[in-house]
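First comes the structure, then the notes that go with it.
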There are 2 protein chains.
Amino acid sequence: MGDRRNKYGVSPDMQACPVETTLDVIGGKWKGIILYQLLNGTRRFNEFRRLNPGITQFMLTLQLRELERDGIIHREIYKEVPPRVEYSLTDFGRTLEPVIMSMKVWGESYKMRLNENPTIQEEES
Amino acid sequence: MGDRRNKYGVSPDMQACPVETTLDVIGGKWKGIILYQLLNGTRRFNEFRRLNPGITQFMLTLQLRELERDGIIHREIYKEVPPRVEYSLTDFGRTLEPVIMSMKVWGESYKMRLNENPTIQEEES
DNA sequence: CAGAATCCTCTGAGATACTG
DNA sequence: CAGTATCTCAGAGGATTCTG
């Protein structure tokens with residue numbers, strides 16, 4: 001899967017815009033919701049599947065691995081039978097909390113706005 | 001281009017996660033940086049091109065139109081020769097400012113973290 | 001200057017089947 | 001339970017050319 005660190009073939013510190021950097025890390029199709037659910041605590045693999053019926057095992061694994069690679073989440077493997085794996089935010093991942101929360105708040109206001117007036121797509125600036 | 005309001009074939013208010021909703025609106029490849037640049041004021045079409053050499057005319061137009069459709073930006077056309085079009089945030093678009101800014105701050109800390117220790121991809125939670 | 005129209009290329013994402 | 005391993009494909013993203 002794409003090493004999103006190399007969009008321009010340069011190291012990420014050469015990328016001009018930090019907003020883009022953040023989007024690159026949390027912008028995956030399911031990463032927003034995964035992170036949001038992790039704010040409430042540790043989750044297991046099948047717990048994510050139950051919470052998000054739309055996501056396939058494959059994609060879930062992929063998104064989790066990318067978040068792990070980026071240092072956002074931690075993957076704890078318990079050597080048991082049956083196997084158990086728990087996902088949690090790293091300390092660094094926790095620093096995303098204000099970002100996620102502001103996105104949550106805004107998303108809610110956006111949906112409210114759509115419901116209030118579904119036809120309006122633009123307003124005067 | 002995808003009507004991202006219909007990921008599940010349902011109206012957006014049926015989508016469970018507001019974080020995803022926000023990502024759907026601002027998660028386009030160039031939307032983060034476009035919005036960030038608009039925080040500083042009105043921009044013209046070729047101004048965006050100069051600021052972001054990597055983006056093609058086509059993609060720029062597309063991203064701007066989607067943001068306009070979603071009520072985030074306003075497109076003011078001046079009937080002149082040569083033509084002039086100015087883009088600005090709508091009032092509603094301005095409500096994205098805290099989101100963008102928190103993403104900017106986080107993106108900077110992420111890049112700093114990479115520079116400090118490029119090999120570390122994970123830390124203990 | 002600010003686009004519109006075409007055509008093309010990847011890759012993010014999904015379906016399905018199998019396994020330690 | 002928590003994953004791999006393949007295969008497939010739509011569609012986001014891009015290059016190029018043309019125009020009011």
Side-chain angles (χ1 to χ4, degrees), chain A residues 1-9 15 20 23-34 37-38 42-70 73-88, chain B residues 1-9 15 20 23-34 37-38 42-70 73-88:
Chain A
M1 226 77 315
D3 181 353
R4 61 176 60 71
R5 290 199 180 79
N6 252 338
K7 183 195 292 184
Y8 302 111
Q15 243 179 258
E20 257 188 288
L23 276 176
D24 284 343
V25 174
I26 69 174
K29 178 85 171 290
W30 302 95
K31 289 182 185 173
I33 193 165
I34 286 174
Q37 288 163 356
L38 278 176
T42 297
R43 302 277 183 195
R44 297 181 58 177
F45 189 81
N46 274 2
E47 209 174 344
F48 280 123
R49 295 192 63 196
R50 248 177 291 114
L51 291 170
N52 316 292
I55 188 170
T56 61
Q57 294 175 325
F58 182 76
M59 284 310 296
L60 178 55
T61 303
L62 209 62
Q63 305 279 297
L64 288 170
R65 288 297 145 83
E66 290 184 5
L67 288 171
E68 188 189 3
R69 182 201 62 189
D70 290 335
I73 67 176
H74 173 71
R75 181 162 168 263
E76 183 74 34
I77 305 161
Y78 297 89
K79 278 274 173 191
E80 308 172 352
V81 178
R84 183 158 61 103
V85 177
E86 290 189 345
Y87 294 91
S88 57
Chain B
M1 221 79 316
D3 181 354
R4 59 177 59 72
R5 290 197 181 80
N6 251 338
K7 182 193 293 184
Y8 301 112
Q15 242 179 259
E20 257 187 291
L23 276 176
D24 284 343
V25 174
I26 67 174
K29 178 83 171 292
W30 301 96
K31 289 182 184 173
I33 193 166
I34 286 175
Q37 287 163 356
L38 278 175
T42 298
R43 301 278 182 196
R44 297 181 58 177
F45 189 82
N46 274 3
E47 209 175 344
F48 280 123
R49 295 192 63 198
R50 246 178 293 113
L51 291 170
N52 316 291
I55 187 169
T56 61
Q57 294 174 325
F58 181 74
M59 284 311 297
L60 179 56
T61 304
L62 210 63
Q63 305 277 298
L64 289 169
R65 287 297 145 83
E66 291 184 4
L67 288 171
E68 188 188 4
R69 183 200 63 188
D70 290 337
I73 68 176
H74 172 71
R75 181 162 168 262
E76 183 74 34
I77 305 161
Y78 297 88
K79 278 276 172 189
E80 308 173 351
V81 178
R84 182 157 62 103
V85 177
E86 289 188 345
Y87 295 91
S88 57

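Just so it is clear, the values below take in all heavy atoms, side chains as well, and ignore hydrogens, waters and symmetry mates. As the structure is a prediction and not an experimental result, all values here were calculated from the model. Just so we're on the same page: letters track the sequence lines, and every chain starts at 1.
Side-chain contact between A:F48 and A:I34 is present, with heavy atoms from C-beta onward closer than 4.5 Å.
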Quick one: which protein N/O atoms are closer than 3.5 Å to N/O atoms of nucleotides 15-20 of chain D? Pair and distance per line, please.
from: D:dT17; atom 1: O4; to: B:Q57; atom 2: OE1; distance (Å): 3.4

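A:E86 meets the side chain to side chain contact (heavy atoms under 4.5 Å, CB included) test with A:T42, A:R44, A:Y78, A:R84; sequence neighbours excluded. Residues forming a side chain to side chain donor-acceptor pair (under 3.5 Å) with B:Q37 (at least two apart in sequence, or on another chain): B:N52.
Rounded to an integer number of Å, the gap from A:Q63 CD to D:dA2 P is 18 Å. Residue B:E76 contributes atom CD, which lies 16 Å from atom C1' of C:dC1 at whole-angstrom precision. Rounded to whole angstrom, the span from the CZ atom of B:R84 across to the C1' atom of C:dG3 amounts to 16 Å. One interatomic measurement links the two molecules: CE of A:M59 to P of D:dC9, which rounds to 17 Å at whole-angstrom precision. If you measure from atom CZ of A:R43 to atom P of D:dA2, you get 13 Å, rounded to the nearest angstrom. Rounded to whole Å, the distance from CG on B:N52 to P on D:dG14 is 12 Å. Between the CD atom of A:E80 and the P atom of D:dG3 there is a distance of 13 Å, given to the nearest Å. Atom OH of A:Y78 is separated from atom C1' of D:dG3 by 17 Å (rounded to the nearest Å).
Axis angle, first five pairs versus last five pairs of the helix from C:dC1-D:dG20 to C:dG20-D:dC1: 60°, rounded to 10°.
Remark: A:E20 CD to B:I33 CD1 distance equals 4.5 Å, nearest 0.5 Å. Put simply, CD1 on A:I73 and OG on A:S88 are 8.0 Å apart, with the number rounded to the nearest 0.5 Å. Atoms NZ and CD1, from A:K79 and A:I77 in turn, are 7.5 Å apart once rounded to the nearest 0.5 Å.
Across all strands, A:F48 comes closer than 4.0 Å to no nucleic acid atom at all (heavy-atom distances). Residue-level contact check: B:Y87 touches the backbone only, with heavy atoms under 4.0 Å from sugar-phosphate atoms and none from bases. Among the protein residues, A:R49 comes within range of no part of the nucleic acid, since none of its heavy atoms lies under 4.0 Å from any strand. No engagement by B:E86 is indicated, since no non-hydrogen atom pair under 4.0 Å with the nucleic acid exists.
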Pairs under 3.5 angstrom only: tabulate donor-acceptor contacts from the side chains of residues 58-65 of chain A to other protein residues two or more places apart or in another chain.
from: A:T61; atom 1: OG1; to: A:Q57; atom 2: O; distance (Å): 2.9
from: A:Q63; atom 1: OE1; to: A:W30; atom 2: N; distance (Å): 3.2

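For A:W30, counting side-chain heavy atoms from C-beta on, the closest listed nucleotide (C:dG14, D:dA2, C:dG3) is C:dG14. If you check D:dC1, C:dA2, D:dT4 against the side chain of B:N46, the one that comes closest is C:dA2. Taking every side-chain heavy atom of B:T61 into account, C:dG3 is the closest of D:dA2, C:dG3, D:dG3.
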Going through the checks in order, is the side-chain contact (heavy atoms from CB on, under 4.5 Å) test met by B:R75 and B:V85?
CA-CA 7 Å; B:R75 181 162 168 262; B:V85 177; 3.7 Å; yes

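Distances shorter than 4.0 Å separate none of the side-chain N or O atoms of A:R75 from OP1 or OP2 on D:dA2. One finds a side-chain N or O of A:R44 lying less than 4.0 angstrom from the OP1 or OP2 phosphate oxygen of D:dA2.
Taking both residues in full, the closest heavy atoms of B:L67 and B:K31 are given as CD2-CD, 3.8 Å, listed atom of the first, atom of the second, then distance.
Annotation: salt bridge (Lys or Arg N to Asp or Glu O under 4.0 Å) contacts involving residues 46-63 of chain B, sequence neighbours excluded, comprise B:R43-B:E47.
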